[in-house]
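See structure below.
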Protein chains: 2
Amino acid sequence: MANSSSGDSVVDRIVRLISAFPQDVNALQLSDLASRAGLPLTTTHRLVGQLAGHGLLETAPGGMVRPGLRLWELVNRASPALALRQAAMPFMEDIQQVLNQNVNLAVLDGWEALFVERLSRRGSVANRAQVAGRMPIHISSAGLALMAHQDKAMQQEYLGQFTDPEGRLAAADVRALLAEAAHQGFAQLKGVVDAGTWGIAVPVLDRRQRAVASLGVVVPLQEMRLQALVPALQTAARGIARQLADA
Amino acid sequence: MANSSSGDSVVDRIVRLISAFPQDVNALQLSDLASRAGLPLTTTHRLVGQLAGHGLLETAPGGMVRPGLRLWELVNRASPALALRQAAMPFMEDIQQVLNQNVNLAVLDGWEALFVERLSRRGSVANRAQVAGRMPIHISSAGLALMAHQDKAMQQEYLGQFTDPEGRLAAADVRALLAEAAHQGFAQLKGVVDAGTWGIAVPVLDRRQRAVASLGVVVPLQEMRLQALVPALQTAARGIARQLADA
DNA sequence: GCTGGACTTCCGGTGAACGGAAGGACTGGC
DNA sequence: GCCAGTCCTTCCGTTCACCGGAAGTCCAGC
């Protein structure tokens, strides 16, 4: 917008401002926020003031800034993620009660799995997936389950650009994982994300058999109930799909 | 910002645009969105384009617009509501498993209770509280539990401005409800929100004994376990408070 | 009392945002 | 097949809201 020497618009700035908050929820200093967002202090001050006027941010005395309740409210009142979450929650709780381990719900966004919800319990094994957190497709069972049930075209595009920063996997390896997941109807990764944990995920399919979400669990490697576990996840996934179609 | 004939800034417009989405999650037509937000069509078109460029909104072919995943992600990655939710979820699940009824978590915002989380189950009685939904203080047990444990000054201010649009309650009635809730340590409303349901809520207190949140349940009127129910809620609330203090 | 760091206010220039008007795209009625 | 209606999209000259350096204020810590 007007006169930005950097040539970005007000929208850009607002997005940068909101994105500047790290996962840890605590408030940021105004000047800290300014540097994280890459904005001049004065500009940050003015924008924060405006946003705070709408309750999208909150300023504590002393210049600390944190995301506001109203922002949370607005976004969580109407969001595609919310509809999905609402449809899935009862089924996720059912799964959790039976297994007493982590349950998660993810969608595909870009070339990553975005986790929409996670239920965990004291005593569950470690679970890297955070709510609103992301994981690369090829090292999350959720990501594999999602990508294995996409258009051929999208899979090609994904594999075409695939590079593993750590160089452990080639595109061909991922292709094999996807093929296996598509064939079996579920994806699994043993000890990949964390040694000692086992991720298993099934797709939630729409009418065209495309994955709109994935439902997964993280269990200890010793878990023996695979025979019962996968059907339970698949049944739940079907229930979620039905809920989504009805709404 | 620049040149708005109506004198509002770009920030104002963006807020209006995002607020324009109603609870129901479905997408809006561009022109519909424009009129709901009270913005000229051209302006709406431009802003939506910019916001969509950042993924804060998504445009479907045909001009339909809906909130974007990235917006949800940004907000749910860092928010005071999220920290509260995370601290409370395990306790809410415990309560739910025992009672098998609706459990909700609310905070005070303005003169309303804002519901941060709700767990419900097939077979639960009706529950008006929606996630990210609001209810007036005087007709929600959550609201009463929250207000009953605020500063005297804030209570005075609240009662001073109180008017019941339906004219059924006077400020003195609400004062009595608050006094009872403060004395008992929990708030209850029988058949007020919905005939046949009974709302019970306890405050989550910080070190200064101020309510930062409320934990509540909605049960059928026939529920007989009040003797056990309130202590269970209070124990859970104390657990949540401990989690919050530790974090 | 002084120094450093952080927040806040001021203010003139300027270019991004504004929105009317015109152009497409699509649909349904006849 | 044409026409009317509805909606989305693009164009472009004018304007004023935003920008950000500089100066002011506040508050700890030494």
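Protein chains get the first letters and strands the later ones, always in sequence-line order, with residue 1 at the start of each.
Rounded to a whole Å, the CG atom of B:L33 is 13 Å from the P atom of D:dT9. As rounded to whole Å, 16 Å separates atom C1' of D:dT10 from atom CG of B:L47. The distance from atom CG of B:L30 to atom C1' of D:dT6 is 13 Å, rounded to the nearest whole Å. Between the CD atom of B:Q50 and the P atom of D:dT10 there is a distance of 14 Å, given to the nearest Å. Spacing between atom CG of A:L57 and atom C1' of C:dC7 amounts to 16 Å, rounded to whole angstrom units. One interatomic measurement links the two molecules: CG of B:L41 to C1' of D:dT6, which rounds to 11 Å at whole-angstrom precision. A straight line from CD of B:Q29 to C1' of D:dC8 spans 10 Å, rounded to a whole angstrom. We find that CG of A:L39 is positioned 16 Å from C1' of D:dG21, with the value rounded to whole Å.
Residues B:M89 and A:L119 meet the side-chain proximity criterion, which asks for heavy atoms closer than 4.5 Å.
Closest of all the heavy-atom pairs between A:A237 and A:V202 is CB-CG2, 3.8 Å. Nearest heavy atom pair, residue A:L105 against residue A:A213, reads CD1-CB, 4.4 Å.
Between A:S31 and C:dC7 there is a side-chain polar atom (N or O) within less than 4.0 angstrom of OP1 or OP2. The phosphate of D:dC19 has OP1 or OP2 within less than 4.0 Å of a side-chain N or O from A:R13. In terms of phosphate contacts, B:R46 brings a side-chain nitrogen or oxygen within less than 4.0 Å of OP1 or OP2 of C:dC18. Residue B:H45 places no side-chain N or O under 4.0 Å from the OP1 or OP2 atom of D:dC8.
A salt bridge is absent between B:R70 and A:D109; no separation between the charged side-chain nitrogens and carboxylate oxygens falls under 4.0 Å.
Looking at B:Q155, its side chain does come within 3.5 Å of a backbone N or O of B:Q150 through a donor-acceptor pair.
At a threshold of 4.0 angstrom between heavy atoms, the contacts of A:T42 include nucleobase atoms, whether or not backbone atoms are also involved.
Listed nucleotides C:dC18, D:dC19, D:dG20 differ in distance to B:T43; the shortest reach to its side chain belongs to C:dC18.
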